Amino acid sequence: MAIIVKKAKLNVFEKVYIFEIARGIVVTIGHFCNSLINPHRLPTLNYPEQKRRLLPNYRGRLRLLKNETGELKCTACLLCVKACPANCLTVEAAPATPGAKRTPARYDLDVGRCIFCGLCVEACPFGAIDMNSGIYELADKDPARFIFTKEKLAQERGPQ
Ligand code: SF4
Ligand code: SF4
């Protein structure tokens, strides 16, 4: 079936492009003046001076959570490692102490590989990790700095 597209009829002002160009410039100047008068209504931010307000369910960089006594909640059970589809977690348990909770000797996140899926958080039976850190500025030229160690991941930030 043939589709017929009728050409729009242009009036004499539209045929003489100079008027349309002038109209476009007036619209642009109008937006420019509006931005000067009402800068708070601009959709853009002066990053990095101004930071974006994050939504409560925003997934930032993974962090390790602590209990009331300041100890890591993690028991090095490795369920998060098994759940991670990107193989970016490396967890090693510290030598067991009789009567004491297991703790991780090593908990590394390769954030360069992390896809921020949150499966590790869902897999953790102890609520020992979350992604509510509010940390999203992770760009770096040095790939070595994409490895976040236990100490870095345990730094407090954002809502617990
Ligand atoms: S958010 Fe996803 S990719 Fe990142 S560490 Fe957790 S499970 Fe792995
Ligand atoms: S973060 Fe949770 S799932 Fe991962 S090793 Fe620690 S306790 Fe286990």
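Both counts, for ligands and for their atoms, begin at 1 and track the order of listing. In this chain, numbering begins with 1 at the start of the sequence shown. Worth saying up front: this structure is predicted, and the values here are computed from it rather than measured.
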*Atoms in ligand 2 flagged as close to Phe126, the criterion being non-hydrogen separation under 4.0 Å*: 7 (S)
*Of all the atoms in ligand 1, which lie at a distance below 4.0 Å from a heavy atom belonging to Pro85?*
7 (S)
*Please work out whether any backbone atom (N, CA, C, O) or any side-chain heavy atom from C-beta onward of Leu78 is under 4.0 Å from ligand 2, and answer side chain, backbone, both or neither.*
backbone
*Qualifying ring-ring contact (aromatic ring centres under 6.0 Å, His included) pairs with a residue from residues 9-28, counting only residues at least two apart or across chains*: Phe13-Phe19
*Could you tell me which atoms of ligand 2, counted from 1 in the order shown, lie closer than 4.0 angstrom to a heavy atom of Cys74?*
1 (S), 5 (S), 6 (Fe), 7 (S)
*Within-4.5 Å side-chain heavy-atom neighbours: Arg113 and Asn87*: yes
*Which atoms from ligand 2 have a heavy atom of Ala76 less than 4.0 Å away?*
5 (S), 6 (Fe)
*Axial cation check for Phe148 ring with Arg61, 6.0 Å and 45° limits*: yes
*So which heavy atom on Pro39 is nearest to which on Leu36, and how close?*
CD-O, 3.5 Å
*Check whether more than 12 heavy atoms from other residues, nucleotides or ligands sit under 6.0 Å from atom CD of Glu49, and answer yes or no.*
yes
*Among all protein non-hydrogen atoms, which one is nearest to atom 8 (Fe) of ligand 2, and what is the separation to 0.1 Å?*
Cys77 SG, 2.3 Å
_Could you measure the distance from the SG atom of Cys80 to the CD1 atom of Ile129? Nearest 0.5 Å is fine._
4.5 Å
_Any pair counted as ring-ring contact (aromatic ring centres under 6.0 Å, His included), so long as it reaches residues 105-142, sequence neighbours left out_ = none
*Listed partners of Lys51 passing salt bridge (charged side-chain N to carboxylate O under 4.0 Å, His left out), at least two apart*: Glu137
*Per-atom contacts of ligand 2 with Thr75, taking only distances under 4.0 Å to non-hydrogen atoms*: 6 (Fe), 7 (S)
*Compare every heavy atom of Ala154 with every heavy atom of Leu72, then report the nearest pair and how far apart it is.*
CD2-CB, 3.8 Å
*Under 4.0 Å from any heavy atom of Cys124, which atoms of ligand 2 are there?*
1 (S), 2 (Fe), 3 (S), 7 (S)
*Among protein atoms, how many N/O/S atoms lie less than 2.8 Å from atom 6 (Fe) of ligand 1?*
1
*Identify the heavy atoms of Ser133 and Gly60 that sit nearest to each other, and give their distance.*
OG-C, 3.7 Å
